> 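The structure is given below, and queries will be raised subsequently.
Quick caveat, the model's predicted, so the values are computed rather than measured.
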Amino acid sequence: RSRRTKPRKSILSMEVDLLDFVEQCRRLVKQALGKHAGEPASGGFARWKHVVLHCFRLEDAHSYRETPNRLNYMAEIRNVLGLDRDDLPDYSTIYKSFDRLKMWVWRALLRVSAQQHPQSGHAALDSTFFDRRRASSYFRQRAGRTIQTLKVTTLTDVESLAVLDVHIAARWKHDTKTGPQVVRRNADDLQSVAADNGFQDWHTEYEIAAHDVEYLVHYRGSSANAAANNALNRAKGYSQRWMAETSYSTTKRSLGDAVRALGWYRQFREIVLMFAITNIEPLCEPL
């Protein structure tokens, strides 16, 4: 079986079999795309093949230009993708398909990958940051880029560590603005949400409670009301909120803490794909 050339370790100390990973991606991508899976995306290749190629590219830590070269020596991976050695997509075709595949494709893959894990109904809401300074200084100056990090808010199942949803912003909104938006999209599947004091204000509490979701948010200060609320939340499982930070650590140790894409819309898609890959990796056979 084909293996990584550059092993990476997650905090779970799990290396996945690359062939098994690609097979899992093929299954989940076809499920996520449904009737659109076989539609041509770029260069005459089916849409599902392009999505799996991007999963493979990111998981195996190589560039667009390196992707066809890697596939040239990986017969088993080519067989999974239904590609002939003499008919591999050019690197430019793979690059352009990332532009043409809309955000709904990556969100669908994230949702399906999360559904492969047990859903407890209890989630953690938290934010982290990804560096976007990897592009050359020449490109940053030409693009007029001044924002150096992207703020990412996620909803993570506290038992399975599956990332259920992701919100990404270049212009950082306050947590009390993004939190309800993420919870609202997933309210039908949630019983409770735990969040730190950055997500606490009465507007947010009211909005989330309106969706019949218990909001375990940490209060600021040391008043009697704050102390009583925080003690009650701890009794209800607030301490599991740290699971969101565990998922961040897993993703960044495995796939890095910086985006490689140049355009902001590509960076948004790349981050969603990174969390989908983090959901897929535990489904694969460990090395």
Side-chain angles (χ1 to χ4, degrees), residues 10-12 107 110-130 149-169 171-254 257 271-272 274-276 278-279 281-282:
S10 73
I11 60 170
L12 301 178
R107 288 199 174 278
L110 177 68
R111 182 176 63 254
V112 168
S113 66
Q115 291 171 349
Q116 308 308 303
H117 301 274
Q119 304 292 300
S120 68
H122 304 286
L125 188 64
D126 207 351
S127 296
T128 188
F129 297 90
F130 281 82
T149 54
L150 296 173
K151 185 175 183 178
V152 179
T153 303
T154 64
L155 195 66
T156 306
D157 188 277
V158 297
E159 292 189 11
S160 67
L161 286 183
V163 177
L164 309 176
D165 202 354
V166 178
H167 180 278
I168 310 154
R171 302 289 182 183
W172 302 354
K173 294 182 179 179
H174 195 273
D175 289 335
T176 55
K177 302 298 182 184
T178 58
Q181 181 177 342
V182 176
V183 173
R184 183 168 58 247
R185 290 198 296 252
N186 301 273
D188 291 343
D189 301 317
L190 296 175
Q191 298 177 40
S192 71
V193 173
D196 64 23
N197 56 27
F199 292 88
Q200 189 270 319
D201 72 357
W202 74 269
H203 293 282
T204 304
E205 293 183 59
Y206 179 82
E207 182 172 351
I208 292 178
H211 293 290
D212 199 25
V213 176
E214 187 172 19
Y215 194 38
L216 308 178
V217 63
H218 192 272
Y219 277 22
R220 304 178 184 87
S222 56
S223 67
N225 182 51
N229 176 82
N230 295 342
L232 181 61
N233 284 349
R234 285 193 294 271
K236 293 181 178 180
Y238 173 81
S239 59
Q240 294 299 304
R241 191 194 63 80
W242 65 269
M243 289 298 206
E245 297 177 4
T246 301
S247 72
Y248 297 154
S249 181
T250 302
T251 301
K252 291 181 179 181
R253 286 172 181 260
S254 176
D257 60 357
I271 289 173
V272 175
M274 289 170 72
F275 282 109
T278 303
N279 288 343
E281 286 180 339

> Under the salt bridge (charged side-chain N to carboxylate O under 4.0 Å, His left out) rule, collect the residues that match up with Asp175, sequence neighbours excluded.
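With sequence neighbours excluded, Asp175 shows a salt bridge (charged side-chain N to carboxylate O under 4.0 Å, His left out) to Lys151, given in chain and number order.
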> Is Glu205 close to Asp201 at the side-chain level, that is, under 4.5 Å between some pair of heavy atoms?
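In short, these two side chains do not touch, never coming nearer than 4.5 Å.
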> Got a donor-acceptor contact below 3.5 angstrom from the Gln200 side chain to the Asp196 backbone?
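Not a single qualifying donor-acceptor pair exists.
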> With a 3.5 Å distance limit and no angle check, can you tell me whether Gln119 reaches the backbone of Ala114 through a side-chain donor-acceptor pair?
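Side chain of Gln119 to backbone of Ala114, a donor-acceptor pair under 3.5 Å: yes, one is there.
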> Do the non-hydrogen side-chain atoms of Met274 and Lys252 ever get within less than 4.5 Å of each other?
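Side chain of Met274 against side chain of Lys252, heavy atoms only: no contact under 4.5 Å found.
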> Can you tell me if Thr250 uses its side chain to pair, donor with acceptor, with the backbone of Thr246 under 3.5 Å?
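Here the side-chain-to-backbone pair exists.
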> Would you call Phe129 and Leu150 a side-chain contact if the rule is heavy atoms closer than 4.5 Å?
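Result no, sub-4.5 Å side-chain heavy-atom pair not found.
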> Would you say Thr251 and Thr278 are linked by a side-chain donor-acceptor pair, where the criterion is simply a distance under 3.5 Å?
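Indeed, the side chains of Thr278 and Thr251 share at least one donor-acceptor pair under 3.5 Å.
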> Check each of Thr156, Leu125, Val182, Thr153 against Asp165 using the side chain to side chain contact (heavy atoms under 4.5 Å, CB included) test, and report the only one that passes.
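The residue from Thr156, Leu125, Val182, Thr153 that satisfies side chain to side chain contact (heavy atoms under 4.5 Å, CB included) with Asp165 turns out to be Val182.
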> Can you name the residues that form a ring pair (Phe, Tyr, Trp, His ring centres under 6.0 Å) with His117, not counting sequence neighbours?
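His117 satisfies ring pair (Phe, Tyr, Trp, His ring centres under 6.0 Å) with no residue once adjacent residues are dropped.
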> Less than 3.5 Å apart, which donor and acceptor atoms pair up between the side chains of residues 210-217 and the rest of the protein, not counting sequence neighbours?
unit_1 : atom_1 : unit_2 : atom_2 : d
Glu214 : OE2    : Lys236 : NZ     : 2.6
Tyr215 : OH     : Phe199 : O      : 2.9

> Main chain of Val163, side chain of Asn279: is a donor-acceptor contact present, judged purely on distance under 3.5 Å?
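Answer holds: yes.
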> Measure the NE2-CZ distance between His218 and Arg234 for me, rounded to the nearest 0.5 Å.
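Output value for this atom pair is 6.0 Å.
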> Which heavy atom in Leu110 sits nearest to a heavy atom in Leu164, and how many Å separate them?
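That closest heavy-atom pairing would be CD2-O, 4.2 Å.
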> So, His122 versus Ser120: side-chain donor-acceptor pair below 3.5 Å or not?
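Ser120 and His122 do not have a side-chain donor-acceptor pair below 3.5 Å.
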> Given Tyr248, which of Thr128, Asp126, Thr154 fulfils the side-chain hydrogen bond (donor to acceptor under 3.5 Å, both in side chains) condition?
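With Tyr248 as partner, side-chain hydrogen bond (donor to acceptor under 3.5 Å, both in side chains) holds for just one option, Thr154.
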> Take atom OH in Tyr206; do more than 12 heavy atoms of anything else shown fall under 6.0 Å from it?
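It does not: Tyr206 OH has 12 such atoms or fewer within range.
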> Supply the atom-to-atom distance Ile271 CD1 to Ile168 CD1, rounded to the nearest 0.5 angstrom.
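Ile271 CD1 to Ile168 CD1: 4.5 Å, rounded to 0.5 Å.
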> What residues, two or more places apart in sequence or in another chain, satisfy side-chain hydrogen bond (donor to acceptor under 3.5 Å, both in side chains) together with Asn229?
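Per chain and number, Asn229 pairs via side-chain hydrogen bond (donor to acceptor under 3.5 Å, both in side chains) with no residue.
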> Among all residues two or more places apart in sequence or in another chain, which pass the side-chain hydrogen bond (donor to acceptor under 3.5 Å, both in side chains) test with Asn197?
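side-chain hydrogen bond (donor to acceptor under 3.5 Å, both in side chains) check on Asn197 returns nothing, list empty.
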> Got a second to check how far Asn186's CG is from Arg111's CZ, nearest 0.5 Å?
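Spacing of CG (Asn186) from CZ (Arg111) equals 9.5 Å.
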> side-chain contact (heavy atoms from CB on, under 4.5 Å) for Arg107 and Arg185? Distances and angles first, verdict last.
CA-CA 12 Å; Arg107 288 199 174 278; Arg185 290 198 296 252; 4.0 Å; yes
> Mind jotting down which residue pairs meet the salt bridge (Lys or Arg N to Asp or Glu O under 4.0 Å) criterion with at least one end in residues 186-195? Sequence neighbours excluded, please.
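Those involving residues 186-195 do not exist here.
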